[in-house]
Each structure stands twice: as structure tokens, then as C-alpha cells.
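First comes the structure, then the notes that go with it.
Residue numbering restarts at 1 for every chain, and letters A, B, ... go by the order of the sequence lines. Remember, it's a predicted structure, so these values are computed and weren't measured experimentally.
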Protein chains: 4
Amino acid sequence: MPATTMKALRKVRPERGAQLESVPVPSIGPNEVLVRVRAASICGTDLHIYGWDRWSQSRIKPPLTFGHEFCGVVERVGEEVSAVAPGEFVSQNLRIIGIDQDGCFAEFVRIPATNIWKIDPAIPEHYAAILDPLGNAVHAVLAGPVAGQTVLVTGCGPIGLMAIAVAKACGSSSVFATEVNDWRREMAKKMGADVVLNPAEGDAVARIKKDTAGTGVDVLLEMSGNQGAIAQGFRALRAGGRASLLGIPSNPVSLDLVGDVIFKGATVRGIYGRRMFETWVQMTSLLKAGRLNLDPLFGERTSLEKFDEAFSLLQGGHAGKVLFYPNGKPR
Amino acid sequence: MPATTMKALRKVRPERGAQLESVPVPSIGPNEVLVRVRAASICGTDLHIYGWDRWSQSRIKPPLTFGHEFCGVVERVGEEVSAVAPGEFVSQNLRIIGIDQDGCFAEFVRIPATNIWKIDPAIPEHYAAILDPLGNAVHAVLAGPVAGQTVLVTGCGPIGLMAIAVAKACGSSSVFATEVNDWRREMAKKMGADVVLNPAEGDAVARIKKDTAGTGVDVLLEMSGNQGAIAQGFRALRAGGRASLLGIPSNPVSLDLVGDVIFKGATVRGIYGRRMFETWVQMTSLLKAGRLNLDPLFGERTSLEKFDEAFSLLQGGHAGKVLFYPNGKPR
Amino acid sequence: MPATTMKALRKVRPERGAQLESVPVPSIGPNEVLVRVRAASICGTDLHIYGWDRWSQSRIKPPLTFGHEFCGVVERVGEEVSAVAPGEFVSQNLRIIGIDQDGCFAEFVRIPATNIWKIDPAIPEHYAAILDPLGNAVHAVLAGPVAGQTVLVTGCGPIGLMAIAVAKACGSSSVFATEVNDWRREMAKKMGADVVLNPAEGDAVARIKKDTAGTGVDVLLEMSGNQGAIAQGFRALRAGGRASLLGIPSNPVSLDLVGDVIFKGATVRGIYGRRMFETWVQMTSLLKAGRLNLDPLFGERTSLEKFDEAFSLLQGGHAGKVLFYPNGKPR
Amino acid sequence: MPATTMKALRKVRPERGAQLESVPVPSIGPNEVLVRVRAASICGTDLHIYGWDRWSQSRIKPPLTFGHEFCGVVERVGEEVSAVAPGEFVSQNLRIIGIDQDGCFAEFVRIPATNIWKIDPAIPEHYAAILDPLGNAVHAVLAGPVAGQTVLVTGCGPIGLMAIAVAKACGSSSVFATEVNDWRREMAKKMGADVVLNPAEGDAVARIKKDTAGTGVDVLLEMSGNQGAIAQGFRALRAGGRASLLGIPSNPVSLDLVGDVIFKGATVRGIYGRRMFETWVQMTSLLKAGRLNLDPLFGERTSLEKFDEAFSLLQGGHAGKVLFYPNGKPR
């Protein structure tokens, strides 16, 4: 007999924190799919919701099960669903849960059939749970040539860390990374960065220029959204170089368009689309072939019950990605 | 017997204005070339020098013959020069004259052999004199796809006006142009712009959005360097669009990186190189094939003697390009 | 009261020719759309079916209404269709009719809703009827740079003729065309080709080399599928040039890979996809902006009744495109 | 006192074989450079000359010192040479020696100053000696996207083997290789190929299709010049895939243009340029960063005296690259 109730991590009151509750397993409509969550990853958005900041207060209507990065196995499909069947390994192809409707920090999650994305079963669960942010990193890195190129990653949050690994796997010669947080700089090293700099200590741009024979880097991957880091990144970019911008600044940014873009003849790409088909194929291919080692990124693999420790770990900046396994540890 | 003196338009004193003087024809070294100037065009830089603004005061050391956009015929070559011969139709491949050494507002000009660029004799003189700024326009337009694309040109100075003609010749579907000066808006129409707007009157962005079914333009060609125009241009650009930036802002520019670049997934190209080989070939090919009609651009074709009227005309914003013919009117 | 019978041009017996018959108006299923045909164009495939050649004999099962290039107005939609409504101007997005199911040489045609493609009503009917082959031409031309480039079109059937117009509209400097049929060479001139050559008379490659200063053309658009023309085209292509291959050879083709591709460092693109979204947008945009004049292409605009003359005209090579107007001449 | 005679490996008579002779050190003109050869590599062309095949008989005029792949240190420069100085680590930027003038299988070699190419001293000598063929491999691989792509290398001679290493270093997911020679298949494995097939045994195309879920490979790198291998390679290429052709067929090749190029919408690139600036920078950058391990390729590092064994080894197909060290083993 199928389960009728399940554990779910929920924001139940308009305040900081969350609660693990027992709720009914979602019932699905004719065009929906019920997925048994295998692994779910905590994203920056989830930290905002947990911490109940201004954005969350204006956007989230409790009670809500949150979480949107996950992978799972199809448990049941609605009567009109033919494109996917029970037992298939899946995720979602757009961020549609965890904000306006119940999310994936639960044993089961309900997804419209048109948003189901099948995942190659050869991809391990802990990687399958983070395909959404990894797609961002892959897209940012491969938005232009990277083989034999020098790369600077400004900002080593989870996507910046993944971008380091992707750039190295795709043949970049030297990867520089800047980051103020000590733990993240340590992680950047583990992910394969050749030179990791603290922009608060010493002149990072001067060091990068020196290491590139005065030229500057071929590629800038801006992952911080920080005005100072953006300015440093552009100063470190060589004439004719390429910048991929992914970090989201919270205010308008003042750029030296003349010196940093026009006179440099630079190409600047805004990176927003995440799971475009091409990115997905490249990413899946890199993962299946074992070309990407993202293991250092995963700080903790835990159960839903230990959610408070998990959020604390991330808020303290002491973990890359933390995974929940609502139905028990990996296959 | 060769001429020993010639007319030259010179800045002789550190003050506004210029003087037409008789000076010795330049003598050339073993690796230099003497060119008889056929047509010379007044550029914005020349206006600065004539007007003796702050930049000129800090950069120009009188006495100096100014002018750097020209075409001419080789008169004499130094003894070690073999790549070019008397009678060939030429210009220069880099801005090397008119600032630090004597320029082309004269009957003859001296150019190092390595900077001589041969011009196809099939190209008319008045076009050959402006290949330098035209190269900027061609490079800006062709830095990405333009056929079947909607284009916005912000700023209708000479390069903006040329860009309009180039975009139309290369298959752009609709070309929008914004410009505050009445005369230049009139010119934009003549160069082929489909919709010409005065950004000081009415909401130019709203109009462009309306005419593009709410989408915005595919391509932005920023030619003004004006903060307001840059902001408007980016707002009018569609998601996934392409911006070529060529206008030089005089101050750092504040951009809405999130809304205008990142969330739009836009590609922004700084346009600086001018006479790269590829651009040159495309431009020459378009000109030879008669695909570019730039005739409306030429306001006055005059002699060096009438330099005061020429500069007044341009400063009043009542001409696109004014040409001097130091050795008499065109072939 | 809606019509219950309609005229339809049908292959009723396994032999050369066709018959105009009165047949029931198609009834539509819940996911289908009934379209009132405005204009329908005769394609090469239709000539094969009419002539009952070997391919037709093996593929077509009479009785069948043939024809697949058309535009029309939605008459009725099935009960589950919501994406399109009566009165909309449409065509189909894949070749699905006229071979295995009844086609568009009739007053009405039945199309699955998922294959309906809406057309901008600003596009005239005679152009809307040929968007399918025009998409091929646009895709072939724009598969690489064309502005300021010299182009050779080998084979001036309808798609080759359209390609000439598209290349000129998109800024190609000189367009060369080769074709053995006199009438088609005449048409190539009308569509804008600069130099039109009969490969059976004189050395076409030598002439093209001479006109391009010995270099050869930048772009080859191969539209003939003819072994000799393919060989000529590649010989006329410059080092570093680009070839788009669209003509379908009936046998394996022997290429001088070393001299024509490898040592030339050429790029060769097979052109097959036709209505990819990007091509569609470019084409629609060029048409709406009036940048493409395809009018010379249209030889005859007639009624279904005059089908025998229409097919004769095309078979004799004396027309580009012939259109049927099953519901009366254009709006 | 500088040496006046030197050892040189020479073709002295029009017959198979070579002779090590003592000849005068070349004297240099005012625009030439004398290079002390550090390492020289035997290329396929050298094998032809040694074996005295038909091509050699028609092209080579004994006596001649042969060899053209090398690196060395500038010994002396002509009086007008200023761009390079004694002590610099160099090679040549075009194949200009070893055919029409004396080559590098000697202690010293004379090179025009305009053909001198400086090499970063951080690159080891055995790699610096093969930058010419490595440039071919890098160019072929990076002529399109390769990160996250499946790749097939047909033909595992030295350039094919290098291409395997380059593709893996630049993020290709799976590299397939086909080769009939046992030793070369063994080497392909060592260079990093994931699946190595003998096309003479079993159906290589079927195996590749199976391993790519029926799709075929994203990228074909054709290095064999063999008609059968070319045909197999194209059959194994996926729709929309990219082929780089570098192997030189000795006869015109019959291609199934329809099935292999047109209907596949494939892109085919002829690869000929070798040391274009961009390729050079990418290659140097990969080498300096240690991203390319080519060590398995080097079968023997020997002295000029042992030339007979060296050529035998290569002719038997039992070595990738054999290096001579005319001035003693590496630094």
C-alpha cells in the first residue's frame, strides 16, 4: 500500500527557521508526476527563505515546503502522462517549485509532466541533484573558447567553484580565483584553481598581470555580483578578452566602459539561461565520462531531520553544497 | 622640377583657430613615402585641435600641420622602399599623423612605408578619404549577424550615419536611429534609417518596443558615448540581443548590469580595432560593388583656403563630412 | 451553411497526369485544423508526381490530392485545439502533406494542430505560399557571413534564384550564377545576379577567377546537385572560403578533397533543416521589411482548372514558381 | 673559436638511404640566423626522402641535408637582424628547410630572420621539436567545440595520436580511435583514447553508434587520408556534427554527399594552416600549463649517428616520434 503521509521541511510561520512536519503525500492531476526525492540540495534561495529576509517576506506565503534542486525517481504518473514512466530517474527543467508551490525538501514532490527532465541513470545522485547550478557554470564557461586559455573566476560560491572544475576539465591552461572567504579559497584550490587570491590582501590584479606576462587573463567568469570584484575582474581581463557575467549585483554597477570594454575590444556575455539543450548535453556528457570531479564541493550529506545544522553550515560559509537524502542515503 | 614648398593648414600658436601657411615639402628618409594628398576629411579630433580644448592643450605642441583622414597618390619613395611605388593610390593603416607629427591638411604628407595602405583605384576619392571612420562603422555593424535583424543606432554623428547605411546594405530589416540634433536626424533619414527619433521628445524606448511587437531590437549600435543614450539603447535591446559599443563616454558609466545584460543574456562588444584586415576587405568589397551610398554624408568639398567655413559648418552640426582637396577637385 | 464538397487536384490512376475532381471537404479530428487554401505553389516533387517517374511509382498510392507548399486561412479547428483560431493566416511547419496524405492543391486542407505555423499577416500571399523553399535559400545563404562577400550560386532553379535575391539583400558584393537553361539564366539576372554564366559555353571558373582578381569567390551556394557543377563550384571557391551544399546529387560524388577542401582550408556546410526558428525569424523579418523582391520569380498565378498548362510551363523550364489560387485570386 | 665543420645527415646520391657527413658550418647573410639544433624530429616527409620514393625522386636534388622539425638555440645572427639574439630558444614558422635548402638534421641550421619563431623557454625540448605537427593537431581539434563532445580520430599516426591527447585535455567526453596498425592502436590507448578499434576486424561504425546511444560522434578528426577510413568516419558522424579533415588522400575521394553531409547538416572543415597565431598561442599555453602529456609518443631519443635504426623503427610503424639530438642529449 502506498504511503499516505511523508516528512517535509516547511516554512510554517513568517519568521526565521523551518519545521519538519508530517504532511499528506501530494495527490497528482492527470498531467502531473509524483517523484520520490532521492537527493535535494540547498541553494542560496533556500538560505534566504530559511533566514526570512526581506525578499522572502515579500515573496513567500507560508505554509510552504521549500527546496528546488533535486533528483528523484518517478513514483506515479497522471492518467494522461505518456512521456515518462514510474522508475525513471528525473529532475525538473525549470525552477517551478519551492517558491510558489511545494518544493523538494520532502519525501515526495509533485511536478507537471511538461517540466519533468529525464536524467541519464549513469549520473550519480549527488551530481544529479545539482544539475541546475552546474548548468549555469557550464554555460558561463563554454559561452566562448576556453581550451588553452587563462581564466579568472571572481567569487567562489558553489557556482564559482563548479566553474573552476569545468574550466580545468575543458582545457583552460591557468585558472585564477579571487574570494574573500578563507574556507572558499581553500575549496577553490581543491576544485583545481592554480592561483587563489584574497582580494582584500595585496593587489590581485597586479599578481594576475604578472603571472600572465603583463597581458591579463583571456576569460573572466564573474560569479560574485560584487562591484569591487567586477571592477577588478575587468581590469585583469586582456585586450580582446571575454567576460561571462553571472553574479547578480544588488545595485546598478558603474563600469569603466571606455577602459574596460571599448578600448579593450572585449566581449561581455550576460549568462542567464540555464538548461538550454546544448548546455545540458555538454554537462551530461562531461559527467558521464567522469571528466568533472565535483566531490570536494559536497560538505555534508544528511537527512531532513538535521536541517538546522545543514543551514548553519552553509550560512557560516563552511560548506559548498549540502545534500538532504529524504528517503535514505544513496544507492 | 619638383615643388619645394606647399600649402599646409597649421596650428601655429596655442590658441583657437588655424593658419594656412607655405612650408617646405617634407623630405623623406630611406624607409618613408611622400604622398600627394588628393582628399582629406575633417574628423572630430581635428575639431578639438582647431577649437583648442583642454585635451588639445595638453597633447598638441605647435607648430603642427594637422589632419589624419586622407587618400592620395604616392609622389616619391625612399631608397629602401620596395613595397609601394610612385603613382599608387594609398592611405595609412594606423593613425600616426596629425597629432605628434605633421598631418594631411597639406599638399603633401610624409608616411613611413610600413604604414602605407594601398587602396583599390576603383574606390572614389571622397570615399577613400574616410576609410578610417568607415572601417569603424563596418566593424561595429558586422561584429555579429545583421541580416534580417532590427537595429538601433544611438547617436548620428558621422560614424553613426555610416553605420545606418552599412546596416541597410547588409540586410538589416528595420533601422531605428536616435539623435537630438535636428540636422543629423534629417541626415539619418537620408542614409536610410526607417525610424528616426528625438530622444528629447517622447519615449523613444516605448516607440521602439511598440514597433518591434514588444520585443526590442536585435542589435544596438552605440555611437554617442552619452550616458542617457547608452541607458536607452540597452533598455530597447531585446533579450539575447547584441550591442556594439563604439561611442566613447567621458566618464565611467553606470549600467544596470542585471536588467540590461545578465537577465537579458545579452552580448556586448567593445569596438576599437579599426582597420583589421577582415574589416578592410569587407568594406572595400562593399564600396567597389557600389552597395554603399554614402553620398548624402558629404556636406562640402572645398579647398584648404576655406578652412574657417569648413570648421564652422561642422561645429554647428550642419555637415556630416567636409573634405579638403589640397591639390584641386577630384579626378 | 459550410461547403461539403470542394475541388481537388488528384492523382487518381498510376499514370502520368492528374485530374481535377470534386471531393468531400475533409472532416477534422479533435486535434486537427481545417485550412482554406489561399495560394499553393508547385514544387519539384509535384512535378515528379505529375510526371509519374520511378520515385513516384514507388512512393505514391493513388488516389491522392497532392501539393504541399501553401498558405491559407484557418476555417475550423478541432475541439481540443486552443493554439490557433479561425481566421488566422497559416502554413505548415513540416512537409507532412501531399505524399502520404491529401495535400493542398484543393480548396481545403486538413493539418494536425501541432504542424500549424502562424504567418504574419503583413506577408503577401504569394510569398507566404513559398516560405518552405525560401527558408532553404535563407538558411543556405546565412549559414555564414555574406555581407561584403562574393558569392557563386551554381544552379538557378527556384531555390537558387531565391538565394540570389537573399544574398544581394544581405550585402553580398558580387553574385555570380551558373546555369545551363537559357530562361533560368534570364531569371537569374532579374533576381539580381551580377554575372550569369552558361557553364556549357566557355570556362566559367576562369571567368570567375578573373573577376575576383584571381582569388575565387568567398561563398559557394551549391543548388544543382550536379556533379560537374559541384566540381566547378569548388574550383571557383577561394582558399578559406565557405560552401553551402543544398542541391541533392543522385549518385555519390567524387570530390578532390585535397585540392578543394583540405589545402583550401574550406568550410563545407550541408544544408538540410529548413524551418528552424532562427531562419524563420530572419526570413519573415526580411519579407516584412520589403528587403526581398521575389516578384520576378512568379511566372503564372492561375486557378486549379488550368493545371495542365501550369505543369507544362514548369516542365519546359519556362517559369520559376507557378501558383494556384483554389479560392480565387489574391486579397 | 667557433666550430667550422659539423655533422649533417645528408642525401648524397639519388638512391635509398642517407649518409652522415662532415660539412662546413653554414655561413649566414645579413638577414639570416644560425641556429644550434637542440632536438630534431623525423617527419613522414623525411621517411619519403630516406626511402627515395617517386615523390622524392622528382622533388629532391642531392646533395641535401634534410629534416625540418626542430628546436634550437640561436648561435649567431646576421648584421641586420635585430628581432632575435644569440641564446634565444627558437624554431621556424614555415616549412622552408629540408627540401629545397639544407635542413635541421645537423649540428647547425641556417634560417632567414623572418622565419625565426621564438619559443617559450618553459617548453621542454622534445615538445619544442614537434610544434609543427602538434600545431596541426591543435588546429584540427579546436576548429570547433570539443568540450563535452564525443570524438572519433580515424588514423593514429603521430598527428592522430597528438589529436587524441589534445581532445582529452580540452574536455572531450569520449575519444574513439580507429587504426589498423597494432602498435599504433596500443599508443592510442596510452595517449588517452577511450575506445580503440581495428577497422579491419568487426564493424567499427556499429560499435561507435552503439556506444553513443545510436547517435554517432559529435566530432570527426580525419587523420588517415584513407578512402575507407574517411567513409567510415562520415558514417559514424552524428547529424549536425563537425568533421576536421587533415589526412591527405592520394586520389580523389568519392563521398556520399547526400547521406553524409547534406542530409546530416554536417560542417566539414579542411585543416591546412598550421601555425596560425591563435593556434600557436593555444598550443603554447596548453604545453606550458602541463595540460598535454605527449610523452608516450616519443619512441627513441638518439644521436644522428644512429639514423639507420631510427628510420627503420619508424618505417616498421613501431614508434610515434623519434628525435635526434645533434648536440647531445637534453638540458
Side-chain angles (χ1 to χ4, degrees), chain C residues 55 95 135-136 139-140 142-144 154-155 159 216 220-231 233-235 237-276 278-279, chain D residues 55 95 135-136 139-140 142-144 154-155 159 216 220-231 233-235 237-276 278-279:
Chain C
W55 172 82
R95 286 196 183 180
N136 279 286
H139 186 183
L142 298 184
T154 47
I159 298 180
L220 164 64
L221 305 176
E222 209 305 296
M223 302 295 186
S224 72
N226 177 282
Q227 162 96 42
I230 294 172
F234 273 102
R235 285 212 311 282
L237 187 66
R238 74 161 163 85
R242 184 247 307 184
S244 279
L245 306 184
L246 193 140
I248 306 291
S250 31
N251 295 301
V253 169
S254 182
L255 277 190
D256 178 6
L257 271 191
V258 179
D260 284 341
V261 179
I262 299 176
F263 284 1
K264 274 191 177 166
T267 300
V268 181
R269 299 282 307 266
I271 302 297
Y272 190 55
R274 51 201 84 225
R275 283 195 184 163
M276 294 156 28
E278 192 188 352
T279 303
Chain D
W55 172 84
R95 286 194 183 183
N136 279 287
H139 187 184
L142 297 184
T154 47
I159 298 179
L220 165 64
L221 306 175
E222 208 305 296
M223 302 295 186
S224 72
N226 176 282
Q227 163 97 41
I230 294 171
F234 273 102
R235 285 212 311 282
L237 187 65
R238 73 162 164 85
R242 185 248 307 184
S244 280
L245 306 186
L246 193 141
I248 307 292
S250 31
N251 295 301
V253 169
S254 181
L255 277 191
D256 178 6
L257 271 191
V258 179
D260 284 341
V261 178
I262 300 175
F263 283 0
K264 274 191 178 166
T267 299
V268 181
R269 299 282 306 267
I271 302 297
Y272 190 55
R274 49 203 83 225
R275 282 194 187 164
M276 293 157 29
E278 193 190 350
T279 303

- Message: So which atom in C/Ile262 and which in D/Gly247 form the shortest heavy-atom distance, rounded to 0.1 Å?
- Response: CD1-O, 3.2 Å
- Of all the heavy-atom pairs spanning D/Phe263 and C/Ile248, show the shortest one and how long it is.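 Scanning both residues completely, I find the closest heavy atoms to be CE1-CD1, 3.4 Å.
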- Query: With chain C, which of D/Leu246, D/Thr267, D/Val261 has the greatest number of heavy-atom pairs at distances under 4.5 Å?
  - Reply: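 Greatest number of close heavy-atom pairs with chain C: D/Thr267.
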- How long is the span from the CZ atom in D/Arg269 to the CZ atom in C/Arg269, to the nearest 0.5 Å?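 If I round to the nearest 0.5 Å, the distance is 10.5 Å.
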- Query: Nearest 0.5 Å, what's the CG-CG distance between D/Asn251 and C/Asp256?
  - Reply: 10.0 Å
- Largest heavy-atom contact set with chain D, pairs under 4.5 Å, which of C/Val253, C/Asp260, C/Leu257: C/Val253
